[in-house]
Amino acid sequence: MSRGVEPPKKFEDFAYVLDYLSHGKAGIGKSTFRAEPLLQLIGETYFTLLEATPRSGAIVSQGERIFIGKGLPRQKISHILGRINYNDLTPAAKAELPIAIEEAIRNNENRFVEFFNNSHAITPRMHSLELIPGIGKKYAWTILDMREKKPFQNLQDIREKTQLPDPIKLLCRRILEELSEGEPKYRLFTRPP
């Protein structure tokens with residue numbers, strides 16, 4: 001019996017620093033004790049929550065966007081320790097998370113505009129747009145009607161044409177739900193564990 005082809009692994013190239021633990025962390029839950037400096041990060045593309053060790057002498061600040069990818073030398077990261085769950089984040093990291101997500105949305109605006117322009121129904125009774133907090137059937141129909149006339153150009157265009165409250169905040173709320181729920185029924189923007 002032959003195995004199916006495994007999908008390629010998805011790696012982040014950039015991440016935002018959620019918290020810098022200069023003295024490491026105590027072991028809590030599944031976490032293990034670490035006495036070395038530690039960073040908690042969120043990836044910019046797949047919103048992967050990660051822990052990493054900074055390079056010796058590197059100056060890193062909360063909210064900073066840093067390179068964590070492969071191929072090029074990492075200026076501020078020594079190595080990625082691995083993925084973590086939302087519950088493994090420090091209180092400071094959880095407080096920084098919405099700010100970092102909103103910045104990632106702004107830096108990847110085209111990806112989210114494409115979602116509004118190309119999203120589809122996930123069941124006969126529910127459209128994927130309705131998974132965004134604040135978008136019910138009425139807003140979903142308005143978005144579908146407006147994008148049929150002319151595709152949206154940017155997030156501000158969506159806001160102006162549909163009277164939708166701030167799309168960045170709504171998208172951020174959805175991403176936070178996907179990260180904090182553990183195993184949501186539908187994933188729109190985050191990488192599964």
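Quick caveat, the model's predicted, so the values are computed rather than measured.
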| Looking at P37 and P54, what are the two nearest heavy atoms and their distance? | O-CD, 3.4 Å

| request: List the steps, then state whether side-chain contact (heavy atoms from CB on, under 4.5 Å) holds for F152 with T162. | output: CA-CA 10 Å; F152 298 110; T162 64; 4.0 Å; yes

| request: Flag yes if I168 and L97 sit in one hydrophobic cluster, no otherwise; membership is Ile, Leu, Val, Met, Phe, Trp, Tyr, and two members link when side-chain heavy atoms are under 4.5 Å apart. | output: yes

| query | Are L89 and Y20 in one and the same hydrophobic cluster, where Ile, Leu, Val, Met, Phe, Trp and Tyr link if side-chain heavy atoms are under 4.5 Å apart? | reply | no

| task | State, with a plain yes or no, whether a side-chain heavy atom of R191 is found less than 4.5 Å away from one of F47. | result | no

| query | Which pairs with one or both residues in residues 110-122 pass side-chain hydrogen bond (donor to acceptor under 3.5 Å, both in side chains), sequence neighbours excluded? | reply | E114-N118, S119-R147

| request: Check for a donor-acceptor pair, side chain of R55 on one end and backbone N or O of H79 on the other, with a separation under 3.5 Å. | output: no

| query | What about L49 and I66, same hydrophobic cluster or not, with Ile/Leu/Val/Met/Phe/Trp/Tyr joined at side-chain heavy-atom distances under 4.5 Å? | reply | no

| query | Got a donor-acceptor contact below 3.5 angstrom from the E109 side chain to the L155 backbone? | reply | yes

| task | First locate atom CG of L81, then atom CG of L50, and finally report the distance between them rounded to the nearest 0.5 Å. | result | 9.5 Å

| Can you tell me how far the NZ atom of K138 sits from the CD1 atom of I143, to the nearest 0.5 Å? | 11.5 Å

| F112 side chain reached by P167 side chain, heavy atoms, under 4.5 Å | no

| query | Taking all non-hydrogen atoms of both residues, which atom of S128 and which atom of I122 are closest, and how far apart? | reply | CB-CG2, 4.0 Å

| request: Say whether, by atom type as modelled, one donor and one acceptor occur between the side chain of N154 and the main chain of D157 under 3.5 angstrom. | output: yes

| note | The reported gap from OH in Y186 to CE in M126 (rounded to nearest 0.5 angstrom) is 4.5 Å

| query | Do any N or O atoms from the side chain of D145 and from the backbone of W141 form a donor-acceptor pair under 3.5 angstrom? | reply | no

| Closest non-hydrogen atom pair between L170 and P165, with its separation | CD1-O, 3.8 Å

| Of all pairs that satisfy side-chain hydrogen bond (donor to acceptor under 3.5 Å, both in side chains), the ones with a partner from residues 167-179, not counting sequence neighbours | E102-K169, R174-E178, E178-T190

| Cluster question for you: counting only ILVMFWY and a side-chain heavy-atom cut-off of under 4.5 Å, with indirect links fine, are L21 and I84 together? | no

| said: Can you confirm whether the side chains of T48 and E12 place a donor and an acceptor under 3.5 Å from each other? | reply: yes

| message | Centre-to-centre under 6.0 Å for Y46 and F189, is that the case here? | response | no

| Sequence neighbours excluded, which residues qualify as salt bridge (charged side-chain N to carboxylate O under 4.0 Å, His left out) partners of E148? | none

| With a 4.5 Å heavy-atom cut-off, do I68 and D13 have their side chains touching? | no

| task | Would you list the pairs meeting salt bridge (Lys or Arg N to Asp or Glu O under 4.0 Å) in which at least one residue belongs to residues 59-69, sequence neighbours left out? | result | E44-R65, E64-K76

| remark: Hits for side chain to side chain contact (heavy atoms under 4.5 Å, CB included) against S180, two or more places apart or cross-chain, chain-then-number order -> Y86

| query | Is the shortest heavy-atom distance from the side chain of F14 to the side chain of L41 under 4.5 Å? | reply | no

| Worked check of side-chain contact (heavy atoms from CB on, under 4.5 Å) between I77 and T53 | CA-CA 6 Å; I77 297 291; T53 55; 5.9 Å; no

| message | Could you measure the distance from the CE atom of M146 to the CG atom of L164? Nearest 0.5 Å is fine. | response | 12.0 Å

| remark: The side chain to side chain contact (heavy atoms under 4.5 Å, CB included) partners of E96 (sequence neighbours excluded) come to L18, Q62, I99

| query | Taking all atoms of both residues into account, what is the closest heavy-atom pair of L129 and A140, and its distance? | reply | CD1-O, 4.1 Å

| task | Carefully, step by step, assess L188 and I132 under the rule side-chain contact (heavy atoms from CB on, under 4.5 Å). | result | CA-CA 9 Å; L188 299 176; I132 307 292; 3.9 Å; yes

| request: Keeping the roles fixed (side chain from Q163, backbone from K161), state whether a donor-acceptor pair exists under 3.5 Å. | output: no

| query | OG1/T142 to CD1/I158 distance, rounded to the nearest 0.5 angstrom? | reply | 13.0 Å

| Does any non-hydrogen side-chain atom of Y16 lie less than 4.5 Å from one of E103? | yes

| task | Give a yes or no on whether the backbone of I105 and the side-chain of N108 come within a donor-acceptor separation of less than 3.5 Å. | result | no

| Got L144 and H127 here, is their nearest side-chain heavy-atom distance under 4.5 Å? | yes

| V113 vs Q153, side-chain contact (heavy atoms from CB on, under 4.5 Å): CA-CA, chis, key distance, verdict | CA-CA 7 Å; V113 172; Q153 302 301 307; over 6 Å; no

| field | Distance, nearest 0.5 Å, that separates SG of C172 from CD1 of I101 | value | 4.5 Å

| I135 side chain reached by F116 side chain, heavy atoms, under 4.5 Å | yes

| L39 side chain reached by D19 side chain, heavy atoms, under 4.5 Å | no

